[in-house]
Structure formats: structure tokens, C-alpha cells
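First the structure, in the form of C-alpha cells, and then the observations on it.
Quick note on labels: first sequence line is chain A, next is B, and so on, each numbered from 1.
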There are 4 protein chains.
Amino acid sequence: MNCPFKKPRWTRRKEARPQELLAAALDLFVERGYAATRLDDVAAQAGVSKGTLYLYFANKEELFKAVVRENVVPVLGEAEEIVGSFQGSTAELFREIAHGWWDRIGNTKLSGITKLMVAEANNFPEVARFYHEEVIHRGNAMIAHMLERGIERGEFRSIDVKQAMNILCAPMIMLMLWKHSFGALGHGEAAMSPDKYLDSFIDLFLHGVLKPAALTPSR
Amino acid sequence: MNCPFKKPRWTRRKEARPQELLAAALDLFVERGYAATRLDDVAAQAGVSKGTLYLYFANKEELFKAVVRENVVPVLGEAEEIVGSFQGSTAELFREIAHGWWDRIGNTKLSGITKLMVAEANNFPEVARFYHEEVIHRGNAMIAHMLERGIERGEFRSIDVKQAMNILCAPMIMLMLWKHSFGALGHGEAAMSPDKYLDSFIDLFLHGVLKPAALTPSR
Amino acid sequence: MNCPFKKPRWTRRKEARPQELLAAALDLFVERGYAATRLDDVAAQAGVSKGTLYLYFANKEELFKAVVRENVVPVLGEAEEIVGSFQGSTAELFREIAHGWWDRIGNTKLSGITKLMVAEANNFPEVARFYHEEVIHRGNAMIAHMLERGIERGEFRSIDVKQAMNILCAPMIMLMLWKHSFGALGHGEAAMSPDKYLDSFIDLFLHGVLKPAALTPSR
Amino acid sequence: MNCPFKKPRWTRRKEARPQELLAAALDLFVERGYAATRLDDVAAQAGVSKGTLYLYFANKEELFKAVVRENVVPVLGEAEEIVGSFQGSTAELFREIAHGWWDRIGNTKLSGITKLMVAEANNFPEVARFYHEEVIHRGNAMIAHMLERGIERGEFRSIDVKQAMNILCAPMIMLMLWKHSFGALGHGEAAMSPDKYLDSFIDLFLHGVLKPAALTPSR
DNA sequence: CATGAATGAGTTTTCATTCAT
DNA sequence: CATGAATGAAAACTCATTCAT
């Protein structure tokens with residue numbers, strides 16, 4: 001009350017604020033969903049008051065959009081690069097991509113965005129469209145590119161690229177979704193071992209697409 | 001008005017009421033998510049008053065749980081039956097299961113439950129645990145059972161059943177999630193063709209697990 | 001707490017509610033202005049809870065509009081009737097109108113609407129326009145009608161009817177505004193005596209418009 | 001950056017600051033009303049930061065009071081002067097006053113203060129009282145003075161000065177209120193022509209008070 | 001003096017829940 | 001059993017006010 005050393009109620013850090021708020025919002029949106037996330041809690045988790053949040057984001061929806069936008073852009077470029085310039089066998093390329101994805105996205109807070117978008121796409125068609133164009137479409141193209149490379153080089157069977165692309169992405173996406181839904185339950189059996197999961201996934205997929213000839217020597 | 005012999009214009013089995021409410025709730029929960037679904041609307045869609053809803057369900061959460069429980073459990077028995085008593089090759093069994101799932105669940109309103117659970121698992125750990133035990137665990141066991149059958153009968157390679165089980169489910173689950181998230185956007189490329197998707201999925205998976213010997217004759 | 005004779009929290013009176021709420025809202029809007037009126041208080045004054053208000057009015061603005069609309073329409077018809085069918089001298093007609101207005105509007109809660117509209121016209125152009133058409137315009141027409149009658153019958157000087165109409169209304173409107181602004185201060189001198197005010201007004205106005213010939217005999 | 005001789009690009013008299021703030025506040029209070037005026041906007045319109053406002057005014061209410069006080073008092077002295085020292089006929093004096101009022105107040109931003117006070121008198125009894133004493137009372141006294149002058153000099157009829165004073169002010173006040181309420185609607189008929197209005201007002205009033213003898217020659 | 005980031009009390013609005021009829 | 005009027009807790013959002021810089 002009359003303590004002479006009152007802690008300042010805030011410190012000036014305009015530049016850092018938006019990022020802190022976005023990080024807090026990402027966490028809570030992912031954990032609870034859009035509607036169940038109270039802006040009070042976002043602010044609290046960012047260490048500021050509710051009002052401060054409104055200095056940086058016009059309203060809850062804008063915050064949501066910013067969370068998605070902010071976490072979407074940076075990772076895909078790299079992967080596209082790799083696919084475009086890779087030298088080795090396409091099987092190797094696929095291993096590279098799968099592990100790279102896991103290290104850079106799947107095993108990262110970024111995986112939460114996927115969960116968020118799946119859960120809220122219906123409520124935010126506009127954001128969903130944006131996400132589809134910026135992430136899904138580009139990611140799909142990259143995978144398709146890889147599959148075509150494998151086919152063209154005679155390594156892969158001649159498969160329906162478009163469908164395989166979707167099927168191939170599914171196990172990776174599911175791993176992310178699991179982490180942010182049932183994975184949180186932490187019950188023994190429900191726990192997945194991502195490493196083993198990835199290994200099996202790669203093995204299964206390669207057996208699924210490689211020509212029989214290519215299989216025997218490699219394993 | 002006070003005619004003592006007024007015959008009711010219609011009669012309805014009292015037992016039917018909860019089902020109508022559950023159906024309405026399923027529709028709306030799936031369409032809008034848990035929080036965005038107003039009990040007013042559920043009641044209205046079921047053709048009853050809001051108060052009536054509370055005669056059958058203690059509160060919104062119980063309604064949600066009932067929706068999940070009611071819609072989810074009965075479908076699994078059938079599938080377990082099939083796996084247990086199937087006579088043909090395991091590849092045939094898999095085709096059977098995949099198409100059966102699509103007809104009975106994936107292509108049905110029930111697919112919305114999956115989306116719902118992924119989106120809300122964190123908010124309802126209790127329901128999530130129930131769902132995990134009653135649905136995911138049983139479904140997984142069934143798939144594992146099938147994989148083991150294939151291995152034991154010498155049809156499938158010797159793979160890590162536990163991981164393969166998860167990986168195998170992913171494309172089917174994703175198809176359901178897609179339907180209730182980005183699928184609703186309806187933009188040209190985003191649209192998936194479930195039939196082709198299923199065919200490719202089956203083909204890819206069988207190539208992934210069948211022994212090379214078993215592959216050549218079949219295609 | 002455990003009193004066995006709990007008073008019912010509400011009584012069913014759907015039909016009466018809107019009127020009660022409108023009356024309460026009129027009082028408070030007039031007294032405090034639109035912005036300073038809390039819907040909590042409106043509800044409390046009407047003896048219901050805040051939520052109830054929203055059963056009848058979509059939001060604060062709609063409540064405001066309803067308050068204006070509801071209190072505005074009914075009174076003017078009468079006056080128009082009188083002007084149209086009056087038999088005596090126009091001076092008498094004017095006295096009739098002035099006193100009638102005072103009894104039916106000026107000295108009534110309805111006068112508050114005038115204050116309200118003057119204070120809030122800028123913030124609700126739509127309502128202002130409605131009020132202008134339904135009240136001001138009709139009221140003006142009635143006064144103009146009376147003035148023209150006086151001129152046509154040779155009782156009044158030939159004046160600019162349109163301007164005189166506005167000027168003539170001013171003292172009556174001011175009396176209403178005063179009641180709901182400074183009049184509430186209740187300080188000795190500020191208090192106006194409406195009766196004397198009306199008498200002086202009538203006298204002054206008639207001297208202002210009557211032809212000299214008509215003046216001498218009457219006073 | 002740390003050049004010790006940086007000359008300020010501009011200098012401004014510190015004393016001018018409050019005036020700019022008062023001017024901005026007057027504009028916005030008049031345009032939007034007390035509650036709807038944000039101090040942010042006042043500061044912005046005055047070209048300073050919000051914090052600066054609080055260097056000069058303790059809070060919003062004090063700013064409001066200052067706006068009223070500052071703009072209202074100085075104008076009355078002049079008018080009192082004129083009434084006290086006028087040489088010609090009282091009819092001439094009245095014309096002088098009416099036109100002077102229109103030029104110095106009615107047709108000025110200051111007219112907004114009147115509207116403001118009518119709208120907010122109830123919410124600020126203290127300001128209302130101040131306004132009543134400093135403005136209304138003095139204004140009334142001046143008008144009464146003029147009326148008495150007319151009566152004493154045998155120009156005016158012997159009327160109830162106190163009432164006539166109020167009635168006489170009404171049309172002028174109404175013209176100001178109109179400007180800031182319905183006048184803003186700008187619809188054809190609602191538009192008043194202040195010049196004609198003033199002429200008619202003067203004519204009507206003089207006919208109302210002048211003795212018949214004084215009337216005939218002048219018109 | 002001036003700034004503007006931060007605050008938090010206060011208001012509108014929504015909607016799950018209750019309960020007299 | 002069924003109804004729907006009424007409730008009030010909860011959440012989004014605003015803005016006057018403060019205060020470290």
C-alpha cells in the first residue's frame with residue numbers, strides 16, 4: 001500500500017509487445033480454441049492488461065488473423081528450395097523432407113497453427129482461404145513436385161500424384177493434430193513416439209511408391 | 001378451449017425426443033463448433049422449446065457428451081465383427097474395411113464428430129478420454145488386428161504394427177477433417193475426390209505392406 | 001437463503017413489459033441523455049433484469065428509437081383536427097391550441113422527447129429525420145395553417161408565414177426544453193411560471209400579428 | 001542525434017496551448033456531445049498528445065467547464081455596455097441587439113455552447129448553475145433592461161417584463177439549437193434562413209410590444 | 001513540459017440456466 | 001411433460017486517467 005518501492009505497473013517495450021501477445025494468443029487459441037479463449041487470459045499470459053491488447057489488435061478476430069498470418073510464412077521457402085535443388089535419390093529427398101518438416105514444424109509450436117486452422121476454418125472462411133493458399137497449396141505443390149521427380153526419374157511407380165500427395169500429407173498432419181488434442185491426455189498408450197512413427201511412415205510410404213526393383217537392394 | 005374431449009392433433013413417442021435433440025445438436029455442433037452453438041438453436045432445430053432441452057440433458061456439456069457417446073459407439077461393433085470373421089485375403093479385408101468405413105462413417109454426418117473431438121478435446125478431457133477409450137482405442141485395435149492377420153498369414157511384410165496402425169488411420173481421419181474444415185471452402189483445387197482418394201489410398205497402402213511376391217500377380 | 005417463501009424472481013407479464021421498459025427508458029434518456037443512461041438502470045427502473053431488456057429490444061439504439069417512435073405519433077392528430085374545424089376567431093383558435101398543447105404535451109412527460117431529440121439529433125440522424133417528418137413538419141404545418149387562416153380571414157396582418165411559424169413555436173419549445181434542463185435546478189429565479197409565461201406569450205403574439213383594428217376592442 | 005546545438009524547428013507560446021485545446025474541445029463537444037467526445041480526439045485535433053491535455057485540465061469534466069466558462073463570459077460585457085449607453089429609440093436598440101447577437105454568437109461556433117448546455121445541464125448541475133448565473137441571468141437582465149427602457153420611455157406597452165424577457169429570448173435560442181440539431185440534417189424544408197427569420201422576429205416582436213401609435217409611422 | 005504506452009473500471013451484449021405457469 | 005419469460009454471470013470492448021521516460 002504505502003510501500004515506497006512500488007514496482008512500475010509496466011515497462012515501455014512497444015516493439016516487443018505484439019510478438020508477446022501473438023505468442024500468448026497462439027498458445028491459448030491452440031489449447032482452447034478461438035471461442036473459449038478469453039482476451040483477459042491472453043493479456044495475462046503476455047504479462048499485460050486487457051486494454052493493452054487493444055492497442056495492438058483491433059479486436060479478437062484481428063488477433064486471430066494476425067496469429068495465423070504471423071506463423072505461416074517463413075518455413076515453406078526452405079523446403080521448396082530443397083526439393084528444387086536436391087541431388088540424390090528421391091527416396092533420400094523424401095527422408096530429408098520428412099525429417100526437416102518434423103524438426104522445423106511438426107515438433108514446433110507452429111504445429112499448433114495446423115490444429116487451430118482445422119478447428120476454426122469453418123468460422124473464419126477468409127482466414128481459411130488465406131491459409132489454404134499460403135500453406136496448404138504451397139505444401140501440396142512441393143510434395144507433388146517430389147512425387148513427380150520420383151516418377152520422372154523412374155524411381156517411383158506411376159501413381160496418381162494428386163491423390164498420393166494428399167494421402168502422403170495425412171500422417172504428418174495427423175501427428176501435429178494429435179499433439180494438440182488427444183496427445184495432451186498423456187495416457188500411456190495414447191502417447192505416440194514420433195521418431196518411430198516417422199521411421200515407419202517413411203518405410204511404409206517408400207514401399208508404397210518405389211518400384212519393386214528399387215526396393216530389394218535398398219533393404 | 002375447454003372442450004373436454006379435445007384429441008391431440010398428434011402424438012409423439014416421448015422416447016423420440018432426445019434423439020431429435022441429439023440429431024439437432026450433432027448438426028449444429030459440427031457446423032459451428034461447441035461454443036458457437038446456442039442451445040436456443042438446438043431446441044429450435046429439434047422443434048422444441050429451450051426449456052425442454054433441460055428435461056433431457058443436465059446442461060450443455062452433458063448434451064455434448066451425449067452427442068458423442070450416442071453417435072459413436074454403435075458403429076464400431078460391426079467393423080470388429082467383420083475383421084474377426086472375414087474369410088478372404090487380408091488385402092480384400094482391408095478394401096472391405098476402408099469402403100465400409102467410408103460408407104458408414106466417413107461419408108456420413110458422423111465424420112463431424114471426429115472434427116469436433118479434435119477441436120474440443122482440450123476443453124473436455126473427460127469426453128476426450130471417453131472417446132479415446134471407446135473409439136480410438138477400439139478402432140486402433142481393429143486395424144492392428146487386421147495388420148497382424150496379414151502378417152501372420154504371410155501376406156504382409158513384417159512391419160511395426162503399432163506405428164503402421166496410426167499411419168494407416170491418418171488418411172482416413174484426414175478425409176473426415178477436411179470435409180469439415182477446408183473442404184467447405186469449395187474452391188476448385190481444394191476439393192478432394194473421395195473416391196479417387198480412397199482408391200489411391202488402398203493401392204498405396206497395399207504396396208506399402210504387401211510382400212513383393214503378393215504384388216506382382218494382383219496388378 | 002433458505003427462506004421457504006422465496007419471492008418469485010419474476011412474474012409473467014409479457015404484454016406489459018415493453019411499455020414499462022419504454023417508460024423507464026424515456027425517463028432516464030430525458031434525464032441523463034442517451035450515452036449517460038445505463039441499460040442496467042433502465043432495467044432496474046422497470047423492475048426487471050438487464051437481460052430482460054434484450055428480449056424486447058435488440059440493443060440500446062433500438063430502444064432509443066422505440067422510445068421516440070412510441071411517444072411521438074398519437075398527439076398531433078387531435079390538434080390538426082381542431083385547426084381544421086374551428087369556428088371562432090383565429091385569436092381564440094390560437095389560445096385553444098396553446099393551452100391544448102400545454103395540457104397534452106408541454107406539461108407532460110412527452111415534453112421530454114423534445115429535449116431528447118434536440119440533444120441527440122446529431123447522434124441519430126435517422127431518428128432525427130423520422131422525428132422531423134412525423135412531428136416537426138406536421139406541427140409546423142398546423143401552425144402555418146392557423147396563421148394562414150388568420151390572414152385569409154383578415155384578422156392577422158400579412159406576415160411571412162413560414163418564418164412566423166418558426167418564431168411562434170420557439171417559446172413553446174423553449175418552455176419544454178427549460179423544464180428538462182435548467183428548470184431542474186430549481187433555483188428561485190430560474191423557475192418559470194408556465195401559466196404566466198403562456199399568458200404573456202399569447203398576449204405578445206397576438207399583438208404581434210393582429211391588425212391594429214382588431215386589437216383595440218379585445219383589450 | 002546528440003548534437004548539442006540542435007535548434008528547435010519551431011517554438012510555440014506555452015500559453016497558447018490551452019486555447020487550442022479549448023477550441024478543439026468546443027468543436028467536438030458541440031459536434032458529438034459530452035459523452036461521445038473522446039479526449040484522444042480532442043488532443044489529436046489540438047495537435048498534442050493525450051497526456052498533455054492533463055497538464056492543463058484535471059479531467060474531462062474540468063475541460064468541459066473550462067470550455068463553457070472560457071467561451072461564454074466575455075461576450076456578454078459588450079452587449080450590456082450597448083444597452084446601457086444607447087441613445088436612439090428602443091426599437092432601434094432592439095434591432096441592434098438582435099443583429100449583434102447573431103453576428104457575435106448565434107452565427108458563431110459559440111452557439112454550440114447553448115446546445116451543449118441544454119443537452120448536458122442535468123449531468124452537470126454545477127456547470128449549469130454557473131452557466132445560469134453567468135450567462136442566462138445576465139442575458140436576461142440585459143433584455144429586461146431593454147424592455148424596461150422601452151416602457152419607461154413610453155415606447156412600449158406596459159407588459160410583464162419578466163415573462164416577455166423569456167419569450168423574447170426563445171426564438172433566438174431556438175435558432176441556435178436548431179443549427180446544432182435538426183439543422184444539420186440539411187433537408188430542404190428543414191433549412192431555415194436565419195436572415196429572414198431574424199427580420200420576421202424583429203417585426204413580430206416590435207408589433208407585439210410597441211404602442212399602436214409608434215407602429216403606424218414606421219410601417 | 002510533452003509524450004504515449006499501459007491500465008482497469010465500467011458498459012453493452014450474449015446466452016446457458018432456472019422456474020412459474 | 002412442455003413452455004418461454006426472466007435471470008445474471010461472463011466476456012468483448014471502450015476510454016478516462018496515470019506515469020515512466
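Residues C:F64 and C:L116 have side chains in contact (heavy-atom distance under 4.5 Å, counting atoms from C-beta outward).
Distances were taken from every side-chain heavy atom of B:K50 (C-beta onward) to each of E:dT12, F:dA6, E:dA6; the shortest belongs to F:dA6. If you check E:dA5, E:dA2, F:dT3 against the side chain of D:T52, the one that comes closest is E:dA2. Here F:dT18 is the nucleotide among F:dA5, E:dT13, F:dT18 with the atom lying nearest to any side-chain atom of D:Y54. The side chain of B:S49 has F:dG4 as its nearest neighbour among E:dT17, E:dT3, F:dG4.
Between C:F57 atom CZ and E:dT12 atom P there is a gap of 15 Å when expressed in whole angstrom units. When the P atom of F:dC13 is taken as reference, atom CD of A:E62 falls 10 Å away, rounded to whole Å. With rounding to whole Å, B:L39 atom CG is found 11 Å from E:dT18 atom P. The CG-C1' distance, from D:D41 to F:dT14, rounds to 12 Å in whole Å. Here the P atom of nucleotide E:dG8 and the CG atom of A:D40 are 11 Å apart, to the nearest Å.
Regarding contacts with the backbone of E:dA5, every side-chain N or O of A:Y56 stays at 4.0 angstrom or more from both OP1 and OP2.
Each of D:E61 and B:G51 lies near DNA chain F, and the nucleotide nearest B:G51 is the one positioned closer to the 5' end.
Within residues 24-38 of chain D, no residue has any heavy atom under 4.0 Å from DNA chain E.
Residue contacts shown for C:L55 include a base, since a base heavy atom lies under 4.0 Å away.
Shown here are the salt bridge (charged side-chain N to carboxylate O under 4.0 Å, His left out) partners of D:K65, two or more places apart in sequence or in another chain: D:E61, D:E62, D:E126. For B:D40, the side chain to side chain donor-acceptor pair (under 3.5 Å) partners at least two apart in sequence or on another chain are B:K50. Partners of D:F130 according to the side chain to side chain contact (heavy atoms under 4.5 Å, CB included) rule, which considers only residues two or more places apart in sequence or in another chain, are D:V68, D:R69, D:V73, D:E134.
Using a 30° and 60° split on the angle between ring planes, D:F124 and D:Y34 fall in the perpendicular class, above 60°.
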- Watson-Crick or G-U pairs under 3.5 Å in DNA chain F, rendered as dot-bracket with [ ] for crossing pairs and | for another strand: .||||||||||||||||||||
Identify each donor-acceptor pair in which a side-chain atom of residues 23-33 of chain D lies under 3.5 Å from a protein atom, sequence neighbours left out, and give them as a table.
| residue | atom | partner | partner atom | Å |
| --- | --- | --- | --- | --- |
| D:D27 | OD1 | D:K109 | NZ | 3.1 |
| D:D27 | OD2 | D:Q45 | NE2 | 3.2 |
| D:R32 | NH1 | D:D41 | OD2 | 2.8 |

